[in-house]
Amino acid sequence: MARLWCSFFLFTLLFQLNNFCISMVEQVPSPPLPILPLPTYSQLKWQQREIIMFLHFGVNTFSDSEWGTGDENPSIFNPIGLNTTQWANVAAESGISLMILTAKHHDGFCLWPSKYTKHSVISSKWQNGKGDVVKEFVNAATDKGIDVGIYLSPWDRHDSRYGHDLLYNEYYLAQLQELLKKYQDVREIWFDGAKDPRAQNVTYYFSDWFSMVKELQSSINIFSDAGPDVRWVGDETGTAGDTCWSTINRTSLSIGASNITQYLNTGDPKGTDWLPAECDVSIRPGWFWHKSESPKKLSDLLDIYYKSVGRNCVLLLNVPPNTTGLISENDAHRLKEFRSAIDTIFHKNIAENRYVKVSSQRGGKEGGFGPENMLDSDHLWSYWTPREDDKEKDHWIEIWGNDGSLRFNVIRIQEAIGLGQRIERYEIYVDGKSIIQGTTIGYKRLHRLDGDVVHARVVRIRFIKARGVPLISSIGLHFDPFWHSRFTAA
Ligand SMILES: *[C@@H]1O[C@H](CO)[C@@H](O)[C@H](O)[C@H]1NC(C)=O
Ligand SMILES: *[C@@H]1O[C@H](CO)[C@@H](O)[C@H](O)[C@H]1NC(C)=O
Ligand SMILES: *[C@@H]1O[C@H](CO)[C@@H](O)[C@H](O)[C@H]1NC(C)=O
Ligand SMILES: *[C@@H]1O[C@H](CO)[C@@H](O)[C@H](O)[C@H]1NC(C)=O
Ligand SMILES: *[C@@H]1O[C@H](CO)[C@@H](O)[C@H](O)[C@H]1NC(C)=O
């Protein structure tokens with residue numbers, strides 16, 4: 001009997017010990033569940049690029065026009081000093097990791113020797129018809145470690161097949177295959193819905209085209225009014241909505257529709273598709289290079305940055321090569337100034353090494369979801385999140401300086417979008433005074449303050465409404481000297 005008791009006792013002890021060990025292991029809390037929809041791997045990679053480059057180049061460059069008629073004589077295309085290495089260098093020096101080239105614009109002239117038309121570099125004077133701009137572009141970019149993208153205009157004002165739906169769609173698809181089979185690792189392809197105003201009955205077989213693109217390229221993002229991977233922002237000024245969701249309903253979108261621009265601009269908190277917005281704008285007034293035009297001022301580019309990248313989008317900035325075949329010195333210079341200004345503003349985070357207090361944190365002090373995660377360099381997978389059972393109460397973050405020692409004019413907040421976009425409403429207070437009522441955050445939200453520099457003791461960010469518990473991957477307080485100078489100028 002005693003033996004039986006003893007073994008029972010031992011068994012119980014082991015069982016308890018086992019439970020104890022499990023509960024020890026269980027003390028490391030798991031990340032919270034995602035809130036769908038989520039980005040794909042390629043969409044996440046795209047989002048982190050922040051600024052990408054468009055290059056509009058073709059016969060329009062030589063005819064000094066924006067929209068060619070399709071009647072241009074191909075012999076006018078003669079960029080005698082073409083040097084795509086210079087393009088790639090300009091991009092690399094400006095921190096740009098993806099360049100998109102207009103392989104064909106509305107005029108129908110092809111920058112590569114397509115076997116399906118003579119209206120291309122084959123019929124130009126350039127390199128006696130033996131040249132290939134797309135090839136040189138891809139090679140130079142790849143050498144610099146820059147990714148490439150392609151624009152192949154659906155509207156073709158030259159080709160006689162345009163207007164015969166079957167023949168033209170076959171032609172378009174043939175060219176798409178030519179480009180996407182030859183070059184692996186094309187990271188973005190750009191589609192617009194522009195059509196001849198006199199031939200609005202023309203149909204583009206987008207489903208066939210998109211299926212073919214996905215078949216030929218594994219990590220490509222397809223851009224169009226309706227995605228499927230990246231959506232247009234709804235304007236060509238580089239401006240996203242003050243509220244901007246990466247989520248939207250694709251079923252409410254159709255390419256070229258005029259009723260969707262507002263919806264594209266803001267997205268949809270109830271959207272069932274992850275389809276983030278890209279803001280396209282040119283560094284100059286026009287998309288093609290014109291001798292008479294010059295680049296935008298640095299302050300205008302910074303405005304665009306705050307309203308695109310600072311509103312959860314990627315900025316697609318067009319920098320057009322000139323008739324020599326080079327990016328003009330003043331454009332290259334402005335672009336480098338732009339990059340250097342962004343670095344100047346954001347290299348120093350005034351919130352760093354400050355006391356950051358939060359409403360609560362998942363799993364307690366040792367849980368791995370503390371406020372320190374908002375100040376490290378991982379802006380995706382390392383984040384602060386409050387206790388989930390804290391639902392009734394406000395979630396908030398406070399950054400403490402000493403008396404008035406937080407001096408800044410820009411506030412940066414980033415969500416851990418890998419687990420879904422969540423925040424719908426928040427408010428920012430400086431020393432108890434409300435200064436910003438915000439809506440969406442997303443990958444990156446920048447608030448450049450309306451007035452001059454703030455000197456604060458404490459900055460409080462209060463999350464009022466969200467689709468789930470907030471997951472904040474990064475916060476920053478920054479000083480923008482370019483903005484500050486507007487208030488100090490005589
Ligand atoms: C092309 O441009 C690069 C970078 O600006 C320069 O180093 C190179 O010498 C140029 N190549 C030619 C053939 O001019
Ligand atoms: C579009 O309409 C024009 C004029 O009515 C006609 O000639 C043409 O064949 C039509 N094209 C298509 C693709 O239906
Ligand atoms: C635009 O109009 C189309 C056709 O009427 C409709 O199906 C779609 O839902 C509308 N989209 C938006 C965002 O209003
Ligand atoms: C988007 O889809 C969701 C889910 O079906 C729906 O609740 C929401 O109302 C839709 N948004 C719009 C603008 O129709
Ligand atoms: C194109 O840009 C290059 C580099 O700045 C410059 O040397 C060349 O003169 C420019 N060509 C024209 C036609 O302006």
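Starting from 1, each residue takes its place in the sequence as its number. First listed ligand is number 1; within each ligand, the first listed atom is number 1.
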**Asked** How are the rings of Phe57 and Phe62 set relative to one another: parallel (under 30°), tilted (30 to 60°) or perpendicular (over 60°)?
**Response** tilted
**Message:** At less than 4.0 angstrom from any atom of ligand 5, which residues have a non-hydrogen atom? List them by chain and residue number.
**Reply:** Trp289, Asn322, Thr323, Thr324, Leu326, Ile327, Ser328, Glu329
**Request:** Using side chain to side chain contact (heavy atoms under 4.5 Å, CB included) as the criterion, list what pairs up with Asn169, not counting sequence neighbours.
**Result:** Asp165, Tyr205, Trp209
**Request:** For Tyr204 and Ala194, indicate whether the former's side chain and the latter's backbone hold a donor-acceptor pair under 3.5 Å.
**Result:** yes
**Fill in**
Sequence neighbours excluded, the answer for side chain to side chain contact (heavy atoms under 4.5 Å, CB included) partners of Asn139 is Lys135
**Message:** Quick check on contacts: which atoms of ligand 4 are under 4.0 angstrom from a heavy atom of Asp268?
**Reply:** 1 (C), 10 (C), 11 (N), 12 (C), 13 (C)
**CG (Asp450) with more than 12 external heavy atoms under 6.0 Å** = no
**Prompt:** Going by distance alone, is a donor N or O of one side chain under 3.5 Å from an acceptor N or O of the other, for Thr266 and Trp245?
**Reply:** no
**Asked** Should Asn259 be counted as touching ligand 3, given the test is an N or O pair under 3.5 Å?
**Response** yes
**Request:** Go through ligand 3 atom by atom and flag the ones less than 4.0 Å from a non-hydrogen atom of Tyr263.
**Result:** 13 (C)
**Asked** With only distance considered, is Ser252 within less than 3.5 Å of ligand 3 through an N or O on each side?
**Response** yes
**Fill in**
Counting from 1 in the order shown, the ligand 4 atoms closer than 4.0 Å to a non-hydrogen atom of Asn249 are 1 (C), 2 (O), 3 (C), 8 (C), 10 (C), 11 (N), 12 (C), 14 (O)
**Asked** Centroid-to-centroid, Phe191 to Phe223, below 6.0 Å?
**Response** no
**Fill in**
Residues pairing under salt bridge (charged side-chain N to carboxylate O under 4.0 Å, His left out) where one sits in residues 278-289, two or more places apart or in two chains, turn out to be Arg284-Asp331
